[in-house]
Amino acid sequence: HAGRRDRRNPDHERRLDARAERRVGNARPVVVAAEAPLRPPVVASAAAAWDSFNARFWNASRNFLFDIVDGESGDDDACRPNQVFGISLTHPVLARDRWEPVLHAIATHLVTPVGLRSLAPNHPDYKKRYFGDLRSRDAAYHQGTVWTWLMGHYIEASLKCHPDRRGARRLLETLTHHLDEACIGSVSEIFDAEEPFTPRGCIAQAWSVAELLRALVLTAELGSGRES
C-alpha cells in the first residue's frame, strides 16, 4: 500500500478524512466525507450504532444509562461510572440532551474527592471498604471502591457541559494533596468509597497519575500562569 500511495499524483490523491458534526438534541452525528470509497457503509454502520446505543441503553425511568442490556438477568439499572464515557470520549455516543441528567446522576451517587465510586451506595451489592482477605477485597473491587483515574473522564465530560475550569479544578484538590501521602509524589490505584477515603491497592498507579495530570491540563486557566 505504501508503494501504491507513493506512485499517486498528490493532486489527484483521494481525501480519506471525515468530519463529524454532532448536533444538539436527539439528532445523530452526521459524517461528511469527500471522495472516500467505502465511506457510505461505514457511515451507515456508525449511525446505526449511535441509534441503537441511545435506544437500548437509555433508562428513561432513572434518567441515566443501563449498565448492561440484554444480560442473563435482563437490563441492569445499577448506577455505575461506565456511562461517563458516553460523553467524555472524543466522539460522544450519547445524545446531547441526555448529558446533563447522566452527569447529575454521576455527581449525586458516584463522585468523591478522590475519584468515582464503581457502584452507587444505594445498591444492595455496595461495599464501602476495600479491606480484608483476598475474597473480601475482590468482592469490593468493582462494587463501590473508588477508582481515581475515572475523575479525568468525569471532568472532561463536565467541561463539555459547563466550561468552568476553575470549578472543575477544585475537584482535584484532594488528589493533589494525596501526593504527600501513601507513595509520596504518586497516586494510589483505588480508595475506600467513604470517608476518610483510605488509599488502597497499588500505591503508585500509572493510570491514576496519568489521568490526574491530564485533568490538571484540562482545568488549567490559560494565560494565568497557573498551568503547572
Side-chain angles (χ1 to χ4, degrees), residues 57 59 62 64-68 71 73 76-90 92 94 102-160 167-220:
F57 277 90
N59 184 343
R62 302 194 66 185
F64 57 75
L65 297 178
F66 286 111
D67 188 53
I68 298 173
S73 302
D76 182 1
D77 65 354
C79 183
R80 293 187 183 272
N82 303 327
Q83 57 193 310
V84 75
F85 297 114
I87 306 170
S88 68
L89 297 180
T90 303
L94 183 63
V102 165
L103 286 173
H104 176 73
I106 294 173
T108 301
H109 301 293
L110 304 178
V111 172
T112 76
V114 289
L116 270 58
R117 294 186 180 99
S118 48
L119 182 64
N122 59 3
H123 195 281
D125 294 334
Y126 173 75
K127 304 289 190 297
K128 65 181 181 180
R129 297 184 68 202
Y130 179 83
F131 187 73
D133 59 18
L134 179 60
R135 183 184 296 273
S136 299
R137 296 197 307 274
D138 283 350
Y141 200 47
H142 295 290
Q143 302 289 60
T145 296
V146 171
W147 289 70
T148 303
W149 73 276
L150 292 170
M151 183 66 90
H153 282 274
Y154 174 71
I155 284 177
E156 182 149 23
S158 297
L159 288 174
K160 287 182 177 182
R169 174 62 72 98
R170 285 195 291 270
L171 293 172
L172 301 173
E173 289 179 353
T174 299
L175 279 177
T176 54
H177 293 317
H178 170 67
L179 295 173
D180 294 327
E181 63 180 13
C183 181
I184 304 300
S186 194
V187 183
S188 297
E189 175 189 10
I190 53 179
F191 291 76
D192 283 345
E194 297 182 11
E195 293 184 14
F197 302 107
T198 303
R200 306 286 189 181
C202 175
I203 62 172
Q205 186 68 34
W207 58 57
S208 299
V209 174
E211 280 299 292
L212 173 58
L213 291 173
R214 193 173 73 90
L216 289 170
V217 171
L218 286 172
T219 58

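All residue numbers in this chain count up from 1 along the given sequence.
No more than 12 heavy atoms of other residues, nucleotides or ligands sit less than 6.0 Å from atom CD of Glu195. His142 NE2: more than 12 foreign heavy atoms inside a 6.0 Å radius.
Looking at Arg117, its side chain does come within 3.5 Å of a backbone N or O of His109 through a donor-acceptor pair. Put simply, the side chain of Glu189 gets close to the backbone of Cys202: a donor and an acceptor are under 3.5 Å apart. Proximity of a side-chain donor or acceptor of Thr176 to a complementary backbone N or O of Glu173 within less than 3.5 Å is detected. Looking at Ser118, its side chain does come within 3.5 Å of a backbone N or O of Thr145 through a donor-acceptor pair. Of the possible donor and acceptor atoms, none in the side chain of Arg129 sits under 3.5 Å from a partner among the backbone N and O of Asp192.
Here the OG atom belonging to Ser88 is positioned 11.5 Å from the CD1 atom belonging to Ile155, to the nearest 0.5 angstrom. Here the straight-line distance linking atom CD of Glu156 with atom OG1 of Thr219 works out to 11.5 Å at 0.5 Å rounding. Leu212 CG to Thr148 OG1: the interatomic distance, rounded to the nearest 0.5 Å, is 9.0 Å. For the atom pair CD1 (Ile68) and OG (Ser73), the distance works out to 8.5 Å, reported to the nearest 0.5 Å. The line from CG of Leu159 to CD1 of Ile87 is 12.0 Å long, rounded to the nearest 0.5 Å. Summarising the geometry, atom CG belonging to Leu171 is positioned 5.5 Å from atom CE belonging to Met151; distances are rounded to the nearest 0.5 Å.
Looking at residues two or more places apart in sequence or on another chain, you find a ring-ring contact (aromatic ring centres under 6.0 Å, His included) between Tyr130 and Tyr141. When the ring-ring contact (aromatic ring centres under 6.0 Å, His included) test is applied to His153, the partners found at least two apart in sequence or on another chain are Phe85, Trp149. Under the rule for a ring-ring contact (aromatic ring centres under 6.0 Å, His included), Tyr154 has no partner lying at least two apart in sequence or in another chain. Every residue two or more places apart in sequence or in another chain that forms a side-chain contact (heavy atoms from CB on, under 4.5 Å) with His123 is listed here: Ala78, Leu119, Asp125. For the ring-ring contact (aromatic ring centres under 6.0 Å, His included) test, residues two or more places apart in sequence or in another chain that qualify with Phe57 are Phe53. Every residue two or more places apart in sequence or in another chain that forms a side-chain contact (heavy atoms from CB on, under 4.5 Å) with Ser136 is listed here: Asp133.
Counting only heavy atoms from C-beta outward, the side chains of Val217 and Leu213 never approach each other to under 4.5 Å. The closest side-chain heavy-atom distance from Arg135 to Asp138 is not below 4.5 Å. In this structure, Ser186 and Ile203 have side chains that are not in contact, with every pair of non-hydrogen atoms separated by 4.5 Å or more. Looking at heavy atoms from C-beta onward, Trp147 lies in side-chain contact with Ile190 at the 4.5 angstrom threshold. By the 4.5 Å heavy-atom criterion applied to side chains, Leu116 and Val111 are counted as neighbours.
In terms of heavy atoms, Cys183 sits closest to Ala204 at SG-CB, 4.1 Å. When all heavy atoms of Leu218 and Gly152 are compared, the pair lying nearest together is CD1-O, 4.4 Å. Pairing each heavy atom of Ile106 with each of Gln83, the nearest pair is CD1-CG, 4.0 Å. Annotation for Leu110 and Pro81: closest pair CD1-N, 3.5 Å, computed over non-hydrogen atoms. Considering all non-hydrogen atoms of both residues, Asp67 and Asn82 come closest at OD1-ND2, 2.8 Å. The two residues Ser188 and Ala182 make their nearest non-hydrogen contact at OG-CB, 3.8 Å.
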Checklist line | Chi angles and distances behind the side chain to side chain contact (heavy atoms under 4.5 Å, CB included) call for Ser158, Leu103 | finding: CA-CA 7 Å; Ser158 297; Leu103 286 173; 4.2 Å; yes
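The residues Glu211 and Arg214 are annotated as salt-bridged, a charged nitrogen and a carboxylate oxygen being separated by less than 4.0 angstrom.
The aromatic ring centroids of Phe191 and His178 lie less than 6.0 Å from each other.
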